[in-house]
Amino acid sequence: MPKRGYHHGDLARALVDAALDLIEARGPTGFTLSEAAKAAGVTPAAVYRHFAGREDLIAECARQGYEIFADLMEHAFERGQPSALRSFEEAGRAYLAFARKHPGHYVAMFESGLSIQRDPRLLAVANRANAVLERAAEALSAHIPPERRPPARMFSAHVWAMSHGVVELFARNSPGTNVPFPPEDLLETGIGIYLRGLGLIPPDDMR
C-alpha cells in the first residue's frame with residue numbers, strides 16, 4: 001500500500017478514521033494496531049508517535065464520539081424547550097440518531113469496555129454529555145417538593161439505560177427482533193410510562 005503524505009496532525013486523524021471503520025466491522029477487540037496502521041497506509045511504528053497502544057487509539061475514538069454526542073444532546077435539549085418533557089424525549093431520540101449515524105464511535109464509547117476515567121479529556125466530555133440528560137431530568141422534576149422528588153441523576157440514568165436497550169435491540173438491525181414499531185416510538189412510549197410511574201408527569205400528559 002503506498003504511503004500517504006501527512007501534514008502535522010493528519011496521521012492521528014487517519015488512524016482514528018481507520019480504527020472507526022475496523023471497530024464498526026469487527027468490534028473493538030477484532031483488530032490489531034498493525035491492521036489499523038495498514039488501513040491508514042502507514043507503518044506500525046508510525047502509530048506510536050500518537051498512541052501507546054490499541055486501547056489508547058480506541059479511547060481517542062471514544063473521546064471524539066463523546067464530543068459529537070454531547071453536541072447532539074445539547075442541541076436536542078434546546079430543541080425541546082420550553083417543554084421539559086419534550087427536551088427529555090428529544091435527548092432520547094438524539095441517542096438513537098447518534099447510534100445509527102456514528103456506529104464506530106458508539107461502539108468505542110459504550111461497548112469497548114474502556115473506562116472514561118482513563119483520560120481526563122475523555123472523562124470531561126463524557127460528563128458533558130451526561131449532564132444534558134441530568135439537566136433535563138432536573139427541569140422535569142422541579143415542580144415536585146424536594147422531599148418527594150426522585151434523584152434526577154437516578155432517573156436520567158434509567159432513561160439512558162432504556163435508550164441503550166432500544167438501540168441494541170431495535171435500532172441497529174439486530175437479528176431476531178421483529179417488532180412492528182419504530183425504535184423512536186418504543187423509546188418515547190417507554191419514557192412516558194416510566195415518568196408517569198414516578199409521578200413526574202400527569203397520567204394524560206403525552207408531552
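The side-chain hydrogen bond (donor to acceptor under 3.5 Å, both in side chains) check on Ser87 picks up Gln81, with sequence neighbours excluded. Glu67 is linked by a salt bridge (charged side-chain N to carboxylate O under 4.0 Å, His left out) to Arg63, Arg128, counting only residues two or more places apart in sequence or in another chain. In this structure, the ring-ring contact (aromatic ring centres under 6.0 Å, His included) partners of His158, at least two apart in sequence or on a different chain, are Tyr194. Every residue meeting the side chain to side chain contact (heavy atoms under 4.5 Å, CB included) condition with Arg118, not counting sequence neighbours, appears here in chain and number order: Glu55, Asp56, Ala59, Leu114, Leu122. With sequence neighbours excluded, no residue forms a salt bridge (charged side-chain N to carboxylate O under 4.0 Å, His left out) with Glu138. Every residue meeting the side-chain hydrogen bond (donor to acceptor under 3.5 Å, both in side chains) condition with Arg79, not counting sequence neighbours, appears here in chain and number order: His75, Glu90. The side chain to side chain contact (heavy atoms under 4.5 Å, CB included) check on Ser34 picks up Thr32, Pro44, with sequence neighbours excluded. For Ala157, the side chain to side chain contact (heavy atoms under 4.5 Å, CB included) test picks out no residue, with sequence neighbours left out. The ring-ring contact (aromatic ring centres under 6.0 Å, His included) check on Phe98 picks up Phe69, His102, with sequence neighbours excluded. Scored by the side-chain hydrogen bond (donor to acceptor under 3.5 Å, both in side chains) test, Glu78 finds no partners at all (sequence neighbours excluded).
No path of Ile, Leu, Val, Met, Phe, Trp and Tyr side chains, each step under 4.5 Å between heavy atoms, connects Ile193 with Phe88, placing them in separate hydrophobic clusters.
Looking at Tyr95 and Val166, their side chains never come closer than 4.5 Å, going by heavy atoms from C-beta outward. Put simply, the side chain of Val47 does not reach to within 4.5 Å of the side chain of Leu11, judged on heavy atoms. Side-chain contact between Tyr106 and Glu111: present, with at least one pair of heavy atoms (C-beta onward) separated by less than 4.5 Å. Considering only heavy atoms from C-beta on, Ser83 stays 4.5 Å or farther from Glu89 through its side chain. Using a 4.5 Å heavy-atom cutoff, the side chains of Phe110 and Val167 are not in contact. Inter-residue side-chain proximity for Leu96 and Arg93 is flagged as unmet; no heavy-atom pair is nearer than 4.5 Å.
For the pair Arg153 and Glu134, the salt-bridge criterion is met [side-chain N within less than 4.0 Å of a carboxylate O].
Here the closest non-hydrogen pair linking Val125 and Ala70 is O-CB, 4.4 Å. Closest approach of Gly92 and Leu187 over heavy atoms only: O-CD2, 3.3 Å.
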Applying side chain to side chain contact (heavy atoms under 4.5 Å, CB included), run through Phe181 and Thr189 and close with a yes or a no. CA-CA 11 Å; Phe181 306 104; Thr189 302; over 6 Å; no

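The distance from atom OH of Tyr48 to atom OG1 of Thr43, rounded to the nearest 0.5 Å, is 10.5 Å. One finds the NE2 atom of His50 at 11.0 Å from the CG atom of Leu57 (value rounded to the nearest 0.5 Å). The distance from atom CG of Leu195 to atom CD1 of Ile191, rounded to the nearest 0.5 Å, is 7.0 Å.
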For a quick test of your reading: what N or O donor-acceptor pairs under 3.5 Å do the side chains of residues 17-31 make, sequence neighbours left out?
unit_1 : atom_1 : unit_2 : atom_2 : d
Arg26  : NH1    : Gly30  : O      : 3.4
Arg26  : NH1    : Glu35  : OE1    : 3.1
Arg26  : NH1    : Glu35  : OE2    : 2.9

Under 3.5 Å, side-chain donor or acceptor atoms of residues 145-152 against the rest of the protein: list the pairs with distances, not counting sequence neighbours.
unit_1 : atom_1 : unit_2 : atom_2 : d
Arg149 : NE     : Ser141 : O      : 3.2
Arg149 : NE     : Ile144 : O      : 3.0
Arg149 : NH2    : Ile144 : O      : 2.8

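In summary, the side chains of His105 and Tyr66 do not present any donor paired with an acceptor at a separation below 3.5 Å, with no hydrogens or angles considered.
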